[in-house]
Each structure stands twice: as C-alpha cells, then as structure tokens.
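One structure is given below, encoded as structure tokens.
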Amino acid sequence: MSDMREAHAQKHEDIFKVFLHAVSSIGIRVKDIHYTEQQDPDQSRDVVTTMTDGSKVEWQLAEWVDEIQMTTIKRAEREGRDQPYNPLTDHEALKTILRKKSCRYGGLEECDARLIVYYSQGSLYGSPYDGPSNPLDDFAQIAGVWLKELRPPFKNVYLLKVHECRAFEVFPAILPCT
C-alpha cells in the first residue's frame, strides 16, 4: 500500500474510532471492524462492521469540506498569508457531499449501508461551530430536511464533528447521538 493510501486508511480508522466513541449506542454493539483498502474507486464502503447480533454494516465516510476553498487556504498558509475558512461555504459543501454520495451509491438499499459525513479540516481554519450558539444542531436540522427530499440509499446518515466528538443522526430521523 502506498504512503498516501496508508495515510488515508489511517485517517478513516481514526475518524471511525471517534464516531464509535461519539455514538456509543452503536459502539457497544460492534463486535468486529474491518477497514477496507481503497484500491478500487468503485468500492462502496470504507469500513465493514460485524455487530454483536451477527449482522454486517457497511460504512461510507465522507469529509464535509469545500476542497477548492481548503486548497486556497492551505496555499495562503504556506505563503504566510492569513486566509480564514469561510463558514458560509459549509452550507453548500454539506449539500454537495450529501447529493454526491447519495447519487454515487444508489442501489445500496439491499444492504445495511450507512454514511458518516465528518467535519474535521474546516475546524482547523476557523470553525463555524466555535462560539456560544451551536450551529452544528442547525446544520443537522437542515441536512435532515434535505435528506428527506433526497431519499438517500443509506439506512442511516450521520454528521460527526471530529474535534468535539459530537454526532447527529440526520436520516431517517434527526437526533443527537449518545
């Protein structure tokens, strides 16, 4: 496995561990975890878990970030310029990733497939979730409404804020996770 693939696989493993901690109601039911190698771009899962009841769950992970904006920010950082991450972009980035993953993985209805959309890099560059209010709750409500209209192929969809170890289920219901 190349260094880049290894780093990507390690990132997914770390993200999934945070998710299981944030959503302990799922974490306590996981018996075995298999992290898949991303050699096949058409592969439909990043992680496969065997649950304590013997059932299998296929997990797809997706980063909630605007790649173009993140590239611009990183370039500015290398050049010594200050370029804060614009939280207004998160709204469209979330909508884009939900639509992209729902379209790409159509046909998964026959298996227990779940999507985790995680927020990680954006928070390193001026998180929109820092402050007295809690916009993550608001984003969960918005995502839940979009997903009801979109009707994704996933059994469940979750939003995860990695650095706070907080998660929301946003499809089929909108619930804070424990």
key: ILVMFWY cluster, I33 and V57 together (side-chain gap under 4.5 Å)   = yes

message = Donor-acceptor pair, distance only, cut-off 3.5 Å: does the side chain of D32 make one with the backbone of T50?
response = no

query = Same cluster or not: are I97 and F154 linked, directly or through other Ile, Leu, Val, Met, Phe, Trp or Tyr residues, by side-chain heavy atoms under 4.5 angstrom apart?
reply = yes

Pair F19 + Y118: ring centers closer than 6.0 Å = no

request  = For residues A140 and V170, report the shortest heavy-atom separation together with the two atoms involved.
outcome  = O-CG1, 3.5 Å

remark   = Residue set satisfying side-chain contact (heavy atoms from CB on, under 4.5 Å) with E149, at least two apart, ordered chain then number -> V145

query = Under the ring pair (Phe, Tyr, Trp, His ring centres under 6.0 Å) test, which residues partner F171, sequence neighbours left out?
reply = none

message = Using side chain to side chain contact (heavy atoms under 4.5 Å, CB included), reason through L115 and V117 one step at a time and then give a plain yes or no.
response = CA-CA 6 Å; L115 174 64; V117 179; 3.9 Å; yes

ask   = Is it the case that one hydrophobic cluster holds both I174 and I142, taking links as side-chain heavy atoms less than 4.5 Å apart, direct or via other members?
value = no

request  = Kindly indicate whether the side chain of S25, heavy atoms from C-beta on, has any atom under 4.5 Å from the side chain of C177.
outcome  = no

message = In this structure, would W64 and W146 fall into the same cluster of hydrophobic residues linked by side-chain contacts under 4.5 Å?
response = yes

note = Residues at least two apart in sequence or cross-chain that pass side-chain contact (heavy atoms from CB on, under 4.5 Å) with K31, listed by chain then number, are T52

message = Among residues at least two apart in sequence or on other chains, which ones pass side-chain contact (heavy atoms from CB on, under 4.5 Å) with A22?
response = L160, C165, A167

inquiry  = I need the full list of salt bridge (Lys or Arg N to Asp or Glu O under 4.0 Å) pairs touching residues 12-25, with sequence neighbours left out, sorted by first then second residue.
reply    = E13-K17

side-chain contact (heavy atoms from CB on, under 4.5 Å) partners for P176, two or more places apart = F168

task = Using atom types as modelled and distance alone, determine if a side-chain donor or acceptor of S55 lies under 3.5 Å from a backbone N or O of M51.
result = no

key: Ionic contact status for D137 with R166, cut-off 4.0 Å   = yes

